[in-house]
Amino acid sequence: MSVVQKIKEATAKGINHLYGVSLLPNEVLVNATKPEFEGDYTVVLFAFIKQLKKSPDTLGQELGDFLVSSFPDYFVSYNLIKGFLNLVITDGYWLEFVATNYHNDDFGQTPANGQRVMVEYSSPNTNKPLHLGHLRNNFLGRSIAEILRINGNEVIKTCIVNDRGIHICKSMIAWQLFGNGTTPESTHTKGDHFVGNFYVQFNDEYKKQIEALKAKGIPEEIAEKEAPIMKATQQMLLDWESGNPEIMHLWRTMNSWVYEGFDTTYKRIGSDFDKTYYESNTYLLGKDLVEKGLEKGVFYQKEDGSVWIDLTADGLDEKLVRRKDGTSVYITQDIGLAEQKQKEFNAGQSIYVVGDEQNYHFKVLKLICLKLGLPSADGIYHLSYGMVELPSGKMKSREGTVVDADDLVTEMVNIARQKTEELGKVKDFTEEELLQLYDIIGLGALKFFLLRVDPKKKMVFNPEESIDFHGFTGPFIQYTHARIKSILRKSLTQLPPLENLSPNSLLLPLEKTLSIHLEMFPSVLQDAAIEHDPSKVAIYVFNLAKTFNSFYTEHSISNAETDEKKILRLQLAQITAKVIKTGMGVLGIQVPERM
RNA sequence: GGACCGGUAGCUCAGCUGGAUAGAGCAGCUGCCUUCUAAGCAGCAGGUCAUUGGUUCGAAUCCAAUCCGGUUCACCA
């Protein structure tokens, strides 16, 4: 149990014991004590004074006395300032914590809880390469999966590939028209970029044709529909749906190029999936559910034959679930896929990592699933994240302001190389070790940058300034880890095995501050899981690294004042390194032994 | 127009189940490498928490209104 939890329970017990009032531990507000006051944790008393009819001073004194005398293993003393009861935790508690965890490789890992969770993320289109927005999505998805896993859940990572539809046909048409039989191989181009280029060409040509028609006096709206290349694309979609062998062949070939490219990128950024769904397999799902919904009266049919659900009572609108021609719409296949996932994996929770522009869609999806009585409905959770914008505003593919994922990763790794060479600390590394280090640092900087802010909020990526390796960044934390490892390499060889410290040693302020930070790691992980928010972990690990660096500068570890101190500090350093490694690991970021 | 989200230091962001004098990083300015890695540390400076009211012992945090920005409300996906 964490100290904070202990304080809450002890306080509830104390109030019950002293005044006969029963209180839930979680009704007690416990904060870290502000640095300018004496104490480690603070109980805020204001909430109770009215109910207990006590002055803050009396209540604080009576409660403080009770806590110190009843839980001497936890509390040495207290002081009262206005309604704040500042508690000083015993050094023994922190020493015990350090002694039991410095060799615990699983510190932070919660035992399996029997829950199964699905996390769907990435959902790329197979007509263009991944960009910065996809990176945020991938890093978030991967990270939330790891956070749930470390909290004891069994996690299944899934991906839905949007591999069919009119947008896919656009790049296919363009290849037919302009490709001249070229392939990624013949042009030495990464497959997803190769296909993406044709998607761009489609749009260029389409624009030209519209202009040409407009020049003939045809209104824009009509021109958009009548442009020959668009008509050809629509015909191709029909051919695809009817299974035309030539089109199917082209479709498979071009998609395989894209997958090859995606695989390279995914491998590089560390995304992987336990199960990949393809829209070409799932787009017909959900049709039977429309029938069931009609029978149940959840849906209704209009005169033209189209099927709808009325969500106005829930504050939403009416929503179409089947067109009048009998074909299903986007949301219908999502309902079908939700059911399919349920049948296949029976997970209690199903998380969708999807941009906030689809908030409405997921609200509707969950509501419909609930009304249909799908057993999985309650577990649907939309992990909605904000768009990544540039200083100039939103990224727009039409204006060529999209930041390509592969380019960005390459650039980050190059900068990592450049900085590393400037510092010249790892000149003895082999070429292979160097390349690995550049990857770790470059990707670490990028991932940390995208994960350190609240997922819900949109964020600005400034290519000039965002690529920083100092301060609140991944490399700063990686550097802290490398420093610790350096000490441990040197000191552990010449030291007897670490032993438990006598509990009467006194902790210096920075030793204690570090202990306090380390001790809260499990509750941070828990909080991150509950909130579905990796940034909580990022912020925590940064603060931990900062705390360690202050400690490191102030106190020598290998030349500590006494052997006891040396052992204690080595233990602290060791836990810190482990927590950094685990915490960063949960963010999908590796930490180097040296840098 | 309806619904939802956001507005905190020059910039990027924490803090938001109400609690002590609102915190980081970057940028700017001062110091600190003959001692465990200076990708570091210590410090200075920087704020009408969009605005106005309300709720109360106490509001960046809750409520209302207003202003500004965004997303969404397709027989698109």
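On a predicted model such as this, the values are computed, not experimentally measured, just so you know. Just so we're on the same page: letters track the sequence lines, and every chain starts at 1.
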| Nearest-nucleotide pick for A:E357, side chain only, options being B:G19, B:C36, B:U72 | B:U72

| query | Are the ring of A:F46 and the base ring of B:G58 both nearer than 5.5 Å at their centres and tilted by less than 30°? | reply | no

| request: Starting at atom CG of A:D317, determine the distance to atom C1' of B:C75, rounded to an integer number of angstrom. | output: 15 Å

| request: Would you mind reading off the distance between A:L367 atom CG and B:U72 atom P, rounded to a whole angstrom? | output: 20 Å

| message | Whether the side chain of A:T553 and the base of B:C41 hold a donor-acceptor pair under 3.5 Å is what I'd like checked. | response | no

| task | Could you tell me the separation between the CG atom of A:L85 and the P atom of B:G19, rounded to a whole number of Å? | result | 17 Å

| note | Residue pair A:I331/A:S558 against RNA chain B: nearer the 5' end by closest nucleotide is A:S558

| remark: Any strand, both distances under 3.5 Å, Watson-Crick or G-U wobble: B:A27 pairs with none

| query | Does A:S486 get its side chain close enough to the base of B:C36, under 3.5 Å, for a donor-acceptor pair? | reply | no

| query | Can you tell me how far C1' of B:C76 sits from NZ of A:K225, to the nearest Å? | reply | 13 Å

| field | Whole-Å C1' distance, B:A59 and B:U21 | value | 16 Å

| said: If stacking means aromatic ring centre less than 5.5 angstrom from the base's six-membered ring centre, planes under 30°, is A:Y479 stacked on B:G40? | reply: no

| query | In Watson-Crick or G-U wobble terms, both distances under 3.5 Å, what is the partner of B:G69? | reply | B:C5

| request: Using only heavy-atom distances, decide whether a donor-acceptor pair under 3.5 angstrom links the side-chain of A:N86 to the base of B:A20. | output: yes

| query | If you measure from the P atom in B:U48 to the same atom in B:A22, how many Å do you get, rounded? | reply | 13 Å

| query | Between A:F46 and A:F84, does the ring centroid distance fall short of 6.0 Å? | reply | yes

| task | Respond yes when some side-chain nitrogen or oxygen of A:K490 is under 4.0 Å from OP1 or OP2 of B:U37, and no when none is. | result | yes

| remark: Closest to the side chain of A:Y360, out of B:A77, B:A14, B:U72, is B:U72

| remark: Residue set satisfying side-chain contact (heavy atoms from CB on, under 4.5 Å) with A:N281, at least two apart, ordered chain then number -> A:Y278

| query | Once the angle between the rings of A:Y283 and A:W240 is folded into 0 to 90°, is it parallel (under 30°), tilted (30 to 60°) or perpendicular (over 60°)? | reply | tilted

| note | Quick note, A:A482 side chain, CB onward, closest among B:U37, B:G70, B:C13 is B:U37

| request: Measure distances between side-chain N and O atoms of A:S550 and base N and O atoms of B:A42, and say whether any donor-acceptor pair falls under 3.5 Å. | output: no

| request: State whether the number of non-hydrogen atoms from other residues, nucleotides or ligands found under 6.0 Å of A:K456 atom NZ is greater than 12. | output: no

| B:G7 and B:U61: how far apart are their C1' atoms, nearest whole angstrom? | 14 Å

| query | Which nucleotide, in any strand shown, forms a Watson-Crick or G-U wobble pair with B:C32, with both distances under 3.5 Å? | reply | B:G40

| remark: To the nearest angstrom, the CG-P distance between A:L284 and B:A77 comes to 12 Å

| task | Sticking with atom P, work out how far B:C11 lies from B:C49, rounded to a whole angstrom. | result | 16 Å

| For A:K363 and B:G2, what is the distance between atoms NZ and P respectively, to the nearest whole Å? | 15 Å

| query | What about the rings of A:F461 and A:F449, do their centers lie closer together than 6.0 Å? | reply | yes

| said: Just the rounded figure in Å: distance from C1' of B:C13 to CZ of A:F542. | reply: 11 Å

| query | For the residue pair A:H555 and A:F551, does the interplanar ring angle fall in the parallel (under 30°), tilted (30 to 60°) or perpendicular (over 60°) class? | reply | tilted

